[in-house]
Amino acid sequence: MSYDFKTSEAKWQQRWEEAKIFEAQDDFSKPKFYGLVEFPYPSGAGMHVGHIKAYSGLEVISRKRRMEGYNVLFPIGFDAFGLPTENSAIKFNTHPRILTDKNIEKFTSQLKRVGFSFDWTRTIDTTDEDYYRWTQHIFLEMFKHGLVFRDTALVNYCPHCKVVLSNEDSQGGKCDICHSDIVQKSKDVWYLRITKYADRLLTGLESVDYLPQIKQQQVNWIGKSTGAFVNFSVKGGEEGETLRIYTTRPDTLFGVTFMVIAPEHPMIEKYRDQIKNIAELDAYKEECAKKTEFQRTQLVKEKTGVRIDGICGINPVNGKEIPIYIADYVMMGYGTGAIMAVPAHDERDYDFAKKFGIDIIEVIKGGNIEEAAYTGDGDMVNSDFLNGFTNKKDSIKKMIEVLEEKGIGEEGVQYKMKDWAFNRQRYWGEPIPIVHCAKCGMVAVPEEELPLRLPEVENFEPGEGGESPLAKIDSFVNCKCPQCGGDAKRETDTMPQWAGSSWYFLRYIDPKNDKALADPEKLNYWMPVDWYNGGMEHVTRHMIYSRFWHKFLFDIGEVNTDEPYAKRTAQGLILGPDGEKMSKSRGNTVDPNEVIDGFGADVLRTYILFMGDYGAATPWSDSSVKGCKRFIDRIADLVGMVNGEGATPALESAFHRTVKKVTEDIENMKFNTAIAAMMTLLNQIYEVKTLTKDELYTFIRILCPFAPHVAEEINEQLGNSDLLSLAQWPTWDEAKCKDDVIEIVVQINGKIRARLNIAADAEAADAIALAKEQPAVQEAVNGKTVVKELYVKGKLVNIVVK
RNA sequence: GCCGGUGUGGCGGAAUUGGCAGACGCAAGGGACUUAAAAUCCCUCGGUGGCAACAUCGUACCGGUUCGAGCCCGGUCACCGGCACCA
């Protein structure tokens with residue numbers, strides 16, 4: 001019989017809300033659990049099933065934690081600043097505030113229909129001025145602590161969105177939002193000095209429990225390398241002029257036959273007059289500037305460059321004169337923008353040397369430098385005092401000693417991570433609370449003037465040159481300098497979308513506080529986040545940014561933990577039924593509302609967790625949803641089979657095993673096998689067609705985190721007046737998980753020849769003796785020599801014969 | 001190119017981490033109930049051979065370790081994700 005999920009689900013959602021059972025208590029005496037999911041961007045399209053999957057993991061865990069007696073904080077909010085809303089506001093000629101409110105309302109009602117146990121009293125919205133007031137506060141603190149700076153730089157610019165994008169937002173040379181091609185543009189840019197925290201972001205990973213692939217991605221993103229800086233004298237330059245390079249292999253210094261500097265390297269400007277072929281260099285530079293960084297890095301095959309005529313470098317270890325080239329395979333943004341080239345042992349330098357006919361000197365044995373660069377390890381040769389070194393660690397160490405002794409270089413560290421370009425020329429973001437004063441320079445807006453509100457504007461279109469729409473609002477722009485009181489102008493750029501999400505988990509702890517971003521006592525109790533789940537796409541950007549902010553807040557004493565997240569996991573994508581990534585354009589999306597309408601929230605929740613490994617991408621299947629529908633309906637019918645109290649002998653061990661399995665599987669996010677175990681138990685109950693009240697009560701408690709509505713409904717039918725969502729999580733008896741008599745297999749040389757029933761705790765000798773009595777075994781052993789006899793308790797007997 | 005991951009029936013996926021491969025679910029086929037359909041219930045369901053018990057092959061491919069390998073080791077191929085002239 002199909003149960004009436006529509007009435008039931010609405011009823012229980014209302015009762016939970018009335019009873020306030022999912023509201024976290026600031027009762028510091030209780031053990032706490034802070035479960036965090038990545039808050040959604042409230043788009044106009046509404047939620048998709050991927051959102052449901054992203055929240056369902058910690059939903060189950062949070063519900064279980066409550067039943068285990070924890071004080072649980074499981075909040076939700078909205079990360080609502082950003083381009084899509086602004087763009088559709090422009091398109092529909094409305095205000096992003098109106099759209100945002102509408103979208104949040106839509107998301108809220110959808111989330112509530114699923115029955116998520118979020119604490120709705122702590123909801124936050126990053127576009128709320130009471131929220132972004134604190135985002136601005138953190139920015140100002142960073143500004144005061146020297147972590148904010150401004151620089152002119154070649155930036156990634158999206159001509160379609162008319163915004164400057166960070167490297168992170170323009171991966172692959174495409175705009176993250178509209179996927180247009182990015183162009184390079186020179187602009188004044190705000191930066192956050194995240195590189196100052198690079199090493200701590202790296203070492204901090206040792207103290208947290210993130211999935212290994214998440215840690216690995218962060219390590220790669222930070223991209224630490226160790227090596228040395230070496231100063232090459234420049235012949236033709238000023239007295240004492242040096243060209244500083246960074247290398248990870250200083251021990252190959254004797255193999256250096258040329259140097260390369262980036263086209264933007266300042267040395268070219270400095271020696272314009274000395275350089276004889278400056279026109280040629282200028283032409284090359286112009287050619288490079290036309291290419292986007294993406295194009296530059298795409299041209300892997302063919303090396304280009306121009307030799308600088310008029311100055312050259314001097315190898316500091318042997319005094320040899322070497323030519324200097326400019327080439328775009330060297331980037332200004334990494335290291336010093338200059339390299340020493342060792343063509344024998346670097347593929348890029350090798351290609352370049354071959355093309356330009358430069359000498360190639362072997363310094364590491366092991367390859368054939370006539371044919372290709374040798375990048376492996378080997379004995380050092382042609383290297384003076386390094387000759388005879390066989391180990392790269394030792395030779396690098398020795399070279400650094402010599403460099404430091406002679407004062408021509410030193411050990412050094414480099415990171416691939418760059419400083420964070422922290423501004424957008426758009427309206428729908430947090431205004432940067434800085435005033436530009438002709439006399440005082442950049443001045444922080446005083447704390448008491450926060451929030452610095454977004455002004456009302458008629459027109460959100462960005463300016464043609466990439467100016468912020470705010471720049472057109474005179475009443476916003478013109479102001480007095482907080483320091484000298486003179487006329488000044490406000491900064492008109494806004495913060496990037498990543499700002500609001502870099503600290504939101506702190507605000508949930510104390511969302512209404514108007515004195516601080518959160519009360520220190522409450523922070524002390526709730527932080528760190530015990531378990532954070534989200535998408536793999538956020539493990540580098542959002543996670544590294546928020547860890548950076550958190551470490552900064554820790555340094556200035558505003559939070560009590562160095563790391564914000566104790567544990568981090570990630571869910572896999574839900575693919576379309578065709579196995580492809582879901583997208584509107586492909587037409588393979590699934591609307592969660594339709595599933596709830598047709599089958600109920602419990603079925604949707606159960607299916608999403610049952611469909612496959614939580615961490616893996618899995619295609620959606622409409623027909624498989626029906627399997628979960630049957631599961632829920634069959635559970636609803638169990639009430640009619642209840643007969644008596646205590647335990648049903650035929651089911652007793654099955655119950656203990658299932659409770660154990662479900663309990664353990666939830667902790668490991670193996671929701672699919674937890675549900676499979678409950679299905680197996682259900683099948684076993686249907687075989688005997690009877691169970692006791694106590695057993696059903698146990699069943700619905702382990703079911704509750706997955707399908708809470710039907711579980712509550714059954715609980716009520718059992719005559720219990722307390723809400724099941726607050727019931728105690730069941731325990732199991734390890735001894736009762738196992739049967740007394742079990743079936744084991746008998747193998748001959750690893751092949752199964754017989755099966756036998758035996759006491760679970762039987763001794764090896766008895767088991768082997770019993771195995772040998774089996775006719776099939778006797779036949780197989782007959783006439784052969786028994787070499788070995790093995791007994792694996794509870795599993796098998798294996799007899800090895802010859 | 002580098003880093004990470006994956007490869008198991010018609011499909012989604014299990015396999016206590018070296019011990020009965022295919023749990024659980026879907027789809028499919030057969031049957032029951034029904035005037036009929038849906039729903040529900042029962043049976044079958046990796047390949048080959050056999051009426052059958054059973055035999056035999058089988059976890060991308062090749063090889064190895066082991067009494068025993070989907071799992072460990074060496075090599076190959078394919079696909080997915082991330083990074084990428086990072087010195």
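Nothing here was measured: the structure is a model prediction, and the numbers come from that model. The analysis underlying the following values was restricted to heavy atoms, covering all of them including side chains, and did not include hydrogens, waters or symmetry mates. Naming convention: chains lettered A, B, ... in sequence-line order (proteins, then strands); numbering from 1 in each chain.
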Using nucleotides 24-31 of chain B, report all nitrogen or oxygen pairs with the protein that are shorter than 3.5 Å.
from, atom 1, to, atom 2, distance (Å)
B:G25, OP1, A:Asn683, ND2, 3.2
B:C26, OP1, A:Arg630, NH1, 2.4
B:C26, O2', A:Ser623, OG, 2.8

Could you go over nucleotides 4-10 of chain B and give all protein N or O partners under 3.5 Å, atom names and distances?
none

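Partners of A:Tyr607 according to the ring-ring contact (aromatic ring centres under 6.0 Å, His included) rule, which considers only residues two or more places apart in sequence or in another chain, are A:Trp620. In this structure, the side-chain hydrogen bond (donor to acceptor under 3.5 Å, both in side chains) partners of A:Arg348, at least two apart in sequence or on a different chain, are A:Asp346. Partners of A:Lys772 by side-chain hydrogen bond (donor to acceptor under 3.5 Å, both in side chains), not counting sequence neighbours, listed by chain and number: A:Glu789. Residues satisfying the salt bridge (charged side-chain N to carboxylate O under 4.0 Å, His left out) test with A:Glu410, not counting sequence neighbours, are A:Arg244. Scored by the side chain to side chain contact (heavy atoms under 4.5 Å, CB included) test, A:Thr673 finds A:Lys661, A:Asp665, A:Lys670 as partners (sequence neighbours excluded). By the ring-ring contact (aromatic ring centres under 6.0 Å, His included) test, A:Phe599 pairs with no residue at all, sequence neighbours left out.
Here A:Lys670 reaches the OP1 or OP2 of B:A15: one of its side-chain N or O atoms lies under 4.0 Å away. The side chain of A:Tyr334 contributes an N or O atom lying less than 4.0 Å from OP1 or OP2 of B:A87.
Separation of the C1' atoms belonging to B:A28 and B:G9 is 13 Å when rounded to the nearest angstrom. As rounded to the nearest Å, B:G19 and B:G10 have P atoms that lie 26 Å from one another. Straight-line distance between the P atoms of B:C72 and B:C57: roughly 24 Å, to the nearest whole Å.
Annotated as anti: B:U34, whose O4'-C1'-N torsion sits more than 90° from 0. For B:G9, the O4'-C1' to base torsion is within 90° of 0; the nucleotide is therefore syn.
Contact annotation: the side chain of A:Met641 approaches that of A:Ile685 to within less than 4.5 Å [non-hydrogen atoms, C-beta and beyond]. Residues A:Phe258 and A:Met340 fail the side-chain proximity criterion, which asks for heavy atoms closer than 4.5 Å. Looking only at side-chain heavy atoms (C-beta outward), A:Arg307 and A:Ile324 stay at 4.5 Å or farther from each other.
Within residues 792-799 of chain A, the residues having any heavy atom closer than 4.0 Å to RNA chain B are, in order of number, A:Val792, A:Lys795, A:Leu796, A:Asn798.
Legend: ring-ring contact (aromatic ring centres under 6.0 Å, His included) pairs involving residues 665-686 of chain A, not counting sequence neighbours, sorted by first then second residue: A:Tyr614-A:Phe671.
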Cut-off 3.5 Å, no hydrogens considered: what does the side-chain donor-acceptor table look like for residues 747-755 of chain A, sequence neighbours left out?
from, atom 1, to, atom 2, distance (Å)
A:Asn749, OD1, A:Val801, N, 2.9
A:Asn749, ND2, A:Val801, O, 3.4

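For RNA chain B, runs of at least 3 consecutive pairs of the Watson-Crick or G-U wobble type, with both hydrogen-bonding distances under 3.5 angstrom, map to B:1-7 with B:77-83, B:10-12 with B:24-26, B:28-32 with B:40-44, B:46-49 with B:54-57, B:60-64 with B:72-76.
Between A:His538 and A:His542, the two ring planes are perpendicular [angle over 60°; tilted spans 30° to 60°].
Contacts of A:Arg657 with the nucleic acid, taken as non-hydrogen atoms under 4.0 Å apart, are absent. A:Glu347 comes within 4.0 angstrom of no nucleic acid atom, judged by non-hydrogen atoms across all strands.
Under a cutoff of 6.0 Å and an axis angle of 45°, A:Lys416 and A:Tyr334 do not form a cation-pi pair.
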